[in-house]
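Step one of this worksheet: look at the structure below.
Both ligands and their constituent atoms are indexed starting at 1 by order of listing. Being a predicted model, the structure only gives us computed values, none of them experimental.
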Amino acid sequence: MELVLRTGTADDTLAVGAAIAPLLRFHDVVVLTGELGAGKTTLVRGIASGLGASEHVASPTFTLVREYVTGRIPIAHVDVFRLDRVQDVVDLGLDELEDGACVLIVEWGDAVEELLPDDRLRVELTTEEPTADPEARRIVITAVGPSWLERADELAIATDPWRPGT
Ligand SMILES: Nc1ncnc2c1ncn2[C@@H]1O[C@H](COP(=O)(O)OP(=O)(O)O)[C@@H](O)[C@H]1O
Ligand SMILES: [Mg+2]
């Protein structure tokens with residue numbers, strides 16, 4: 001199941017994250033792929049705010065894992081930006097997922113997808129052609145595995161405002 005969305009501003013992308021948040025359950029895995037600057041961390045910020053977390057969300061560049069624990073479900077946020085650390089970072093994230101009841105969100109998921117559980121929400125963000133609107137983003141959400149397929153209808157309804165041409 002795949003949903004194609006378009007956001008026109010960073011605030012829109014925040015709103016998409018906040019719209020997805022109510023569907024999240026303990027032990028979910030969300031994988032975000034896209035180039036640097038595509039808006040992955042912005043989307044995490046939206047999810048965190050939708051879960052009611054009040055911590056500042058930034059890329060976990062030096063800490064490897066950041067945790068936001070003040071919302072409905074705690075978030076473990078990892079960013080696999082250094083390819084030599086992929087396994088370490090994913091292991092850390094998966095440990096968090098096992099130990100604490102939380103949602104694991106992984107940025108730069110492309111390189112790590114095969115290391116992650118089969119059941120996951122995949123979100124791919126892309127910028128448009130260089131000549132087009134610099135703030136526009138295409139967001140493709142893919143529900144992978146039974147627990148996400150079960151939520152596909154809800155996901156489609158929640159993200160309907162950003163579906164182009166609807
Ligand atoms: N539609 C949009 N969605 C997300 N971010 C956008 C959008 N338009 C502009 N931006 C800007 O692009 C940058 C995205 O940065 P960030 O979320 O850190 O990306 P990433 O984590 O993918 O490297 C931010 O400065 C944000 O304000
Ligand atoms: Mg980032």
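The protein non-hydrogen atom at the shortest distance from atom 11 (C) of ligand 1 is R137 NH2, 3.9 Å. The protein atom (non-hydrogen) at minimum distance from atom 27 (O) of ligand 1 is A10 CB, 3.5 Å. For atom 1 (N) of ligand 1, the closest non-hydrogen atom on the protein side is E135 O, 2.6 Å. Atom 18 (O) of ligand 1 has its closest protein heavy atom at T41 CB, 3.6 Å. The protein heavy atom nearest to atom 24 (C) of ligand 1 is T42 OG1, 4.2 Å.
The shortest heavy-atom distance from G34 to ligand 1 is not under 4.0 Å. Ligand 1 lies out of reach of R45, whose nearest heavy atom is not under 4.0 Å from it. Residue-ligand proximity: G37 is placed with a non-hydrogen atom under 4.0 Å from ligand 1. For the ligand labelled ligand 1, residue D12 lies outside the 4.0 Å heavy-atom shell.
Residue-ligand proximity, L36 to ligand 1, at heavy-atom distances under 4.0 Å covers atoms 23 (O). Close approach of ligand 1 to T13 (heavy-atom distance below 4.0 Å) involves ligand atoms 1 (N), 2 (C), 3 (N), 4 (C). Close approach of ligand 1 to T9 is summarised as follows: ligand atoms under 4.0 Å from at least one heavy atom of the residue are 1 (N), 2 (C), 3 (N), 7 (C). Proximity to E107 (heavy-atom distance under 4.0 Å) selects the following atoms of ligand 1: 21 (O). Less than 4.0 angstrom separates some heavy atom of E35 from each of these atoms of ligand 1: 22 (O).
Put simply, the residue from L155, T142, L32, L23 that forms a side chain to side chain contact (heavy atoms under 4.5 Å, CB included) with L121 is L155. The residue from V103, L14, I105 that alone fulfils the side chain to side chain contact (heavy atoms under 4.5 Å, CB included) condition with I47 is I105.
A salt bridge does not link E55 with R66: none of the charged nitrogens is closer than 4.0 Å to a carboxylate oxygen. A salt bridge is defined here as a Lys NZ or Arg NE, NH1 or NH2 lying under 4.0 Å from an Asp or Glu carboxylate O, and R151 with D28 meets this definition.
Atom 20 (P) of ligand 1 lies below 4.0 Å from at least one non-hydrogen atom of the protein.
When side chains are defined from C-beta on, L97 counts as touching C102, because their heavy atoms get closer than 4.5 Å. The closest side-chain heavy-atom distance from R6 to D12 is not below 4.5 Å.
Here's the thing with G39: one of its N/O atoms is less than 3.5 angstrom from an N/O atom of ligand 1.
For D99, the CG atom is densely surrounded, since the number of other residues' heavy atoms within 6.0 Å is greater than 12. Around CD of E114, the count of heavy atoms belonging to other residues, nucleotides or ligands within 6.0 Å does not exceed 12. By the 6.0 Å contact criterion, CG on D118 is open, its count of non-hydrogen atoms from other residues, nucleotides or ligands being 12 or less.
The shortest heavy-atom contact between H77 and S59 is CE1-CA, 4.3 Å.
For E107, the N, O or S atom with the smallest separation from the Mg ion (ligand 2) is OE1.
Looking at R45, its side chain does come within 3.5 Å of a backbone N or O of V57 through a donor-acceptor pair.
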